[in-house]
Amino acid sequence: MKAEIIAVGTELLLGQIVNTNAQYLSQELAAIGIDVYFQTVVGDNMDRLQEAIRLAQKRADIILFSGGLGPTQDDLTKDAIAAVLGRKLQIDRLAMDKLDQFFRNRGVEMTENNRRQALSIEGATPLENETGLAIGDAIAQDGKFYVVLPGPPKELKPMFANHAKPWLLQQALSGEEMSIYSKMLKFAGIGESALETRLLDLIQSQTDPTIAPYAKEGEVTIRISTKAASESEALIKLTATEVQIQQRLSEYMYASEDVTLEKVIVDLMAKRGLTVSAAESCTGGMLMEHITSIPGSAVMFQGGIVCYSNEMKMKLLNVPYDYLEGDHAPGAVSKEVALVLAEQARMIMDSDFGLSVTGVAGPGYSERKPVGLVYIGIAERDKETEVYELNLSGNRETIRLRSVKAILYRLWRRLVENEKLS
């Protein structure tokens, strides 16, 4: 089945917001065997929107819409679809009751235009909006399938996962003899090109399952996909390929599901009753933000210090003056300072591990040292502290993020190695 995603909103064309919905929907559709051939962005204009729909009808079996379901006059998605399909719009009673209750609970009078959020295309299956007010729609007509979703990702994602995807599986894919099954493998500490080199023979000879690498900053994802008549049959094929990949990349593969490295670390440390603290200079708290963004991190994260200035490094983390100032001092961006920061963070907060980051994120040189020179330290209770030198490329934000990913990878490796020794 071929699909097209039509994102509606002039704000997308103006670059005021990023179209993350298309990325999410493409990934979700690929996982159930629907190939996205086209992505279209169209502004809030009735004529151009209808033109986009008619073009999509010629080249796709499934057309998904995001955005344009709100209460204002420029929210035209359902109007345009109804016009193209020759159907009317009608009020969905359940959605209208929800709207009435919403405004009544807040003691606010509902304006007439809010009723538009309860409109449904005649003959469509309304899709409940669990986190917002504007309902979606799902329609099958003349061998084509139409799914209408809201624009805000917090509304689109649950609507697609809980209502639209089951509808597609039942209506559009029920006649398919073979379904596509996928598995995600996650890697850190290795770049996409290096990873691909190690798997080149597998990738070049692939037939079924297929192997597709995707790179993000500081990590790589591999999606293994196969066609099978049942989930159990697919699992046998996916597992065999996963084992081949893991044998070659075990030191970098941190998960066989779509989770972040920081979540794996938080779960590992929480399970083992271990704690961690941090001292950050050039990353300015980004490392701590990554850790504390994970639910459950409170049981393993003791705390941290952002020590941007030399004064704070000395006052709060006891870095010797001779390390920071003077003609012969190694300077704030050095392995000596990274070591002290990691050890002091661990001791001051009485944690099992102490992490440190100090470097030059740029732009411009610091201490006559180049942009991208970063030192990361890992101190562990009753073990020797390790410091790693990084020479990173990219702009300021990229260097900061790559520094965080690098130290998280090193921490994960330490945790894995310790488990093998225990």
Side-chain angles (χ1 to χ4, degrees), residues 183-192 194-195 198 213-222 242 245-280 283 285-304 338-339 341-343 345-346 349 351-359 374-390 392 399-422:
K183 190 166 191 178
M184 305 289 275
L185 309 181
K186 302 296 289 287
F187 302 83
I190 186 170
E192 183 182 20
L195 179 142
R198 294 204 185 190
Y214 306 90
K216 288 184 178 180
E217 284 296 348
E219 62 180 63
V220 183
T221 297
I222 287 180
E242 178 188 345
I245 293 172
Q246 188 173 29
Q247 286 173 343
R248 301 184 186 195
L249 295 162
S250 60
E251 69 269 40
Y252 305 108
M253 183 173 150
Y254 68 83
S256 56
E257 57 181 320
D258 193 12
V259 295
T260 63
L261 179 56
E262 48 266 33
K263 175 163 175 54
V264 170
I265 290 170
V266 168
D267 290 348
L268 273 174
M269 297 189 75
K271 181 180 178 181
R272 299 178 195 173
L274 298 172
T275 56
V276 66
S277 54
E280 299 184 61
T283 46
M286 186 181 283
L287 172 60
M288 290 181 268
E289 195 279 330
H290 272 66
I291 295 172
T292 57
S293 67
I294 304 301
S297 57
V299 301
M300 50 74 68
F301 184 67
Q302 294 285 76
L339 185 144
L341 291 177
E343 292 181 343
R346 193 202 70 75
M349 285 166 261
S351 55
D352 297 294
F353 291 87
L355 310 178
S356 68
V357 188
T358 181
V374 177
Y375 292 92
I376 57 175
I378 299 181
E380 183 179 357
R381 196 188 303 272
D382 301 325
K383 290 191 177 181
E384 185 176 351
T385 300
E386 293 183 343
V387 175
Y388 304 89
E389 179 181 307
L390 310 176
L392 305 172
I399 290 169
R400 294 173 71 229
L401 180 57
R402 288 177 176 174
S403 300
V404 168
K405 293 290 187 178
I407 195 166
L408 288 172
Y409 167 70
R410 291 294 179 180
L411 176 59
W412 172 74
R413 287 294 307 154
R414 180 74 72 91
L415 292 169
V416 171
E417 290 165 4
N418 288 352
E419 186 174 42
K420 290 178 181 177
L421 294 174
S422 62

Legend entry - Under 3.5 Å donor-acceptor, R400 side chain and T283 backbone: yes
Legend entry - Partners meeting side chain to side chain contact (heavy atoms under 4.5 Å, CB included) with A188 (sequence neighbours left out): Y254, L261, Y409
Inset, instruction - Please name all residues satisfying salt bridge (Lys or Arg N to Asp or Glu O under 4.0 Å) with R410, sequence neighbours left out, ordered by chain then number. - result: none
Inset, instruction - Check side chain to side chain donor-acceptor pair (under 3.5 Å) between S256 and all other residues, then give those that pass, not counting sequence neighbours. - result: none
Inset, instruction - For E280 and G285, indicate whether the former's side chain and the latter's backbone hold a donor-acceptor pair under 3.5 Å. - result: yes
Inset, instruction - Give a yes or no answer on whether the side chain of Q302 reaches the backbone of S351 with a donor-acceptor pair at less than 3.5 Å. - result: no
Inset, instruction - Check salt bridge (Lys or Arg N to Asp or Glu O under 4.0 Å) between E242 and all other residues, then give those that pass, not counting sequence neighbours. - result: K183
Inset, instruction - State which residues pass side chain to side chain donor-acceptor pair (under 3.5 Å) with E262; sequence neighbours excluded, sorted by chain then number. - result: none
Inset, instruction - Name all residues meeting the side chain to side chain contact (heavy atoms under 4.5 Å, CB included) criterion together with I245; count only those two or more places apart in sequence or in a different chain, and write none if there are none. - result: L185, F187, L199, L202, I211, I222, I224, T241, L249
Legend entry - Pairs satisfying side-chain hydrogen bond (donor to acceptor under 3.5 Å, both in side chains), at least one member in residues 265-276, at least two apart: K263-D267, R272-E419, T275-D352
Legend entry - Partner set under side chain to side chain donor-acceptor pair (under 3.5 Å) for E417, not counting sequence neighbours: R413
Inset, instruction - List for me each residue that meets salt bridge (Lys or Arg N to Asp or Glu O under 4.0 Å) alongside R346, sequence neighbours excluded, and say none if there are none. - result: none
Inset, instruction - Applying side chain to side chain contact (heavy atoms under 4.5 Å, CB included), name anything that partners V299, two or more places apart in sequence or on another chain. - result: A270
Legend entry - Any residue meeting salt bridge (Lys or Arg N to Asp or Glu O under 4.0 Å) with E386, in chain and number order, not counting sequence neighbours: R414
Legend entry - Partner set under side chain to side chain contact (heavy atoms under 4.5 Å, CB included) for S293, not counting sequence neighbours: E289
Inset, instruction - Mark yes or no for whether S356, through its side chain, and A279, through its backbone, hold a donor-acceptor pair below 3.5 Å. - result: no
